[in-house]
There are 2 protein chains.
Amino acid sequence: MSKLRSAPTLDDVAKRAGVSTATVSRCLNDPQRVIAATRERVMSAVDALGYTPNFAARVMAAKRSFTIGAIIPTMENAIFARGLQAFQEEIHLRGYTLLVSSSAYKPEVEEEQIRTLVARGADGLLLIGHDRDDRIYDYLDRQKVPAMVAWSFIPEKRMPSIGFDNRQAMKALAEEVIGLGHKRLATISGITQGNDRARLRIEGIRDAMRSNGLSPDTLMTIETPYEIENGAEAFRQLMASDHPPSAVLCGNDVLAVGAVRQAELMGLRVPGDVSITGFDDIELARIVHPALTTLHVPHREMGRKAAAGLIEMIESNASGQSIQLETSIVTRTSLAAPG
Amino acid sequence: MSKLRSAPTLDDVAKRAGVSTATVSRCLNDPQRVIAATRERVMSAVDALGYTPNFAARVMAAKRSFTIGAIIPTMENAIFARGLQAFQEEIHLRGYTLLVSSSAYKPEVEEEQIRTLVARGADGLLLIGHDRDDRIYDYLDRQKVPAMVAWSFIPEKRMPSIGFDNRQAMKALAEEVIGLGHKRLATISGITQGNDRARLRIEGIRDAMRSNGLSPDTLMTIETPYEIENGAEAFRQLMASDHPPSAVLCGNDVLAVGAVRQAELMGLRVPGDVSITGFDDIELARIVHPALTTLHVPHREMGRKAAAGLIEMIESNASGQSIQLETSIVTRTSLAAPG
DNA sequence: ATCAATAATGCAAGCGCTTACATTGATGCT
DNA sequence: AGCATCAATGTAAGCGCTTGCATTATTGAT
């Protein structure tokens, strides 16, 4: 039986280079602490053996993983893609690695994922929105894992957040719609349970109605998961009512795309017969016909700033600063004055 | 100074429950090995302390992580989303967790990601396509980490693969196009370097031309990264040539969407003035106007089967079986006989 | 009751790394 | 030349868990 060759360890490298494991470790983590000659000897041993450090061992010994976890509600559509991409680029630049998991918009799943990521030694967490059980925040405190909230900006909440004011943003869009003369408004919202963003967007519409002399009670509202098909079905229901709306404000672009396509199927002209708006300004918004008038969210900026803020929290043990970002209305063709 | 309360360990739980750490460990990993009374005592200690096992320590001791890594070329568009989702659902069902990272279609980045995932203790890897340096496969062998290739099916390659025959599939689509009477063909392909799928798709078109009396040399080809804008730009170039093609076969739906939109911008009618086809059948393909005639790939089935195959490899130390999946042509409206 | 067989639990040795502290060697002063 | 300093390296103690083996408790058959 020859000795089974398995993955080389620090020890193997040390032996081959004729130094102690401490020196090898230093070569890898803090090269200037070891003299050039030794370093070269060690590095060539590393190459020769094809050594890769064992991450688990490293995390355990150093109690530091240079890993940041992100739990996003979904990977299925592009809502979070761009922001997350920017987030990951930024942390990569600063020597961190991103671990992503998705919760499918389910609070229990999210909690499990948070625990998993923490157990895996994540140095910090990126969370979407503020809504979650206090137990989770307690847990994070106890484990001393800093977390940053994105896609929402509510400075008075327990966690620092980098995002935009969902309510204000949607209010602005709704005022635009109302300003065009629309009086019968409807909204297709995401599920509001456990989702502050969705809830605040609806509130924003009501705010706009209120301040423009429309009763917020007349807002027709359907809640449904963020899927194109659901947007379509909700739109069908809305338009099948006795007093169909003249404008449908959707909680995001995915729902809006569903609505637009359903309109086409039903032979309704957008915006001729009914106006439709989105939220997020993802790629889809430009591609669908007619292109969506929607709310532009500075996804990349948000991702980048969230990364910077979170790393700041990790490295200087600070408590984290909230930052508000500006959104803007993107005018395309799915919104017009009522016909 | 009071003792700083930090994350509880197995030891804390053991003390509180009045048992050894071994028993606690068994409670967590193999509950029926410990008698009910003890188990309850232990579990309530776990609850009381809010204990979460330290993953790094566990991996290190057990040399098993129940984690599977996947490296996909991009998360930016939906090409891999559905398949990956199915993959993750399946492994979750079997008690594994997914770690995803994206390589941005860059071989060096992919190699780094593979090493990272292995160092993190991944029990197995999902890789996209076969094209990569042998060094990587050697590394995987040495580390004894099984890997499964998806999105491609080439049974004679070093790694088992679950996917479809990219060449055959594209050939079928090209024959459809040629059958309609198209003679001036062009293709907008992804970057072929390090991407067997892209390369084989082009080959498929040439095959179809050959067997239908067209010279494969007349195929106009542009290679460009998989982005909508690039598809648009490539299409512009193609149509600006002296003999513009009557049909443009795109390497995937993303490029095709770019082409379709550019056509609109240029005032060209699709398929009246020029036909355009896609590949993958992602959501976008249905949403764009005109909807894309494209190649449907059984993403979910592929994801599921890749998961099953990989776990089989992990758990029974088997060498892995390749499986070929069938694709089909989805006829929508972007393809018609030349005007 | 008694004893073998078996079930439940405990003991303790690692897993592969980092790092505080100890040691050694080199350098520059006087 | 002698000594304080500091740079380079080594020593070894963990990090929190799993698991092979040893020990003790329980069970059933005689």
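Chain naming here is simple, since letters A, B, ... match the order of the sequence lines and numbering starts at 1 in each.
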Charged N to carboxylate O under 4.0 angstrom, B:Glu315 versus B:Arg94?
-> no
Which ring-ring contact (aromatic ring centres under 6.0 Å, His included) pairs, counting each pair once, include a residue from residues 12-67 of chain A, with sequence neighbours left out?
-> A:Phe66-A:Tyr96
Where do A:Thr21 and A:Leu10 come nearest, in terms of heavy atoms and distance?
-> O-CD1, 3.7 Å
Given atom CZ of B:Arg64 and atom P of D:dT19, what is their separation to the nearest angstrom?
-> 10 Å
Main-chain N/O of A:Ala86 paired to A:Arg304 side chain as donor or acceptor, under 3.5 Å | no
Within this structure, what is the CD-to-P distance between A:Glu40 and D:dA8, rounded to whole angstrom?
-> 14 Å
At under 4.0 Å, does any side-chain N or O of A:Thr21 touch on OP1 or OP2 of C:dC17?
-> no
Closest to the B:Val34 side chain: D:dG10, D:dC15, C:dT9?
-> C:dT9
Report the distance from atom CG of B:Leu10 to atom P of D:dG16, rounded to the nearest whole Å.
-> 10 Å
Nearest whole angstrom, please: distance from the P of C:dA8 to the CZ of B:Arg41.
-> 14 Å
Rounded to the Å, how far apart are A:Asp11 CG and D:dG10 P?
-> 13 Å
Does the B:Asp30 side chain pair with the main chain of B:Arg33, one donor and one acceptor, at a distance under 3.5 Å?
-> no
So what does B:Val19 hit on the nucleic acid, given a heavy-atom distance under 4.0 Å: a base, only sugar-phosphate, or nothing?
-> sugar-phosphate
D:dT18 C1' sits how many Å from B:Asp30 CG, rounded?
-> 12 Å
Side chain of B:Asn54 - closest among C:dC17, D:dC17, C:dG10 | D:dC17
Looking at D:dC15, C:dC17, D:dA8, which one has an atom nearest to any side-chain atom of A:Tyr51?
-> C:dC17
Taking for each residue the nucleotide of DNA chain D with the nearest heavy atom, is it B:Pro53 or B:Arg33 whose nucleotide lies nearer the 5' end?
-> B:Pro53
Taking only side-chain nitrogens and oxygens of A:Thr38, does any of them come within less than 4.0 Å of OP1 or OP2 of D:dA8?
-> no
Given DNA chain D, 5'-ward residue of the pair B:Met60 and B:Arg26, judged by closest heavy atom = B:Met60
Return the value, rounded to whole Å, for the distance between atom CG of B:Asp12 and atom C1' of D:dC17.
-> 13 Å
CD of A:Gln32 versus P of D:dA7: gap in Å, rounded?
-> 12 Å
Applying side chain to side chain donor-acceptor pair (under 3.5 Å), name anything that partners A:Ser316, two or more places apart in sequence or on another chain.
-> A:Glu312
B:Ala61 side-chain proximity, nearest of C:dG14, D:dG10, C:dA8 = C:dG14
Short side-chain N/O contact from B:Ser20 to OP1 or OP2 of C:dG10, under 4.0 Å = yes
Please tell me which of B:Arg39 and A:Ala57 maps to the more 5' nucleotide of DNA chain C, matching each residue to the nucleotide holding its nearest heavy atom.
-> B:Arg39
So what does A:Phe55 touch, heavy atoms closer than 4.0 Å: a base, only the sugar-phosphate, or nothing?
-> nothing
B:Ala62 near the nucleic acid: base, sugar-phosphate alone, or nothing, with a heavy-atom cut-off under 4.0 Å?
-> sugar-phosphate
Please determine, for the side chain of B:Ala22, which listed nucleotide (D:dT19, C:dT18, C:dA8) has the closest atom?
-> D:dT19
Could you check which of D:dG16, C:dT18, D:dT19 has an atom nearest any side-chain atom of A:Ser25?
-> C:dT18
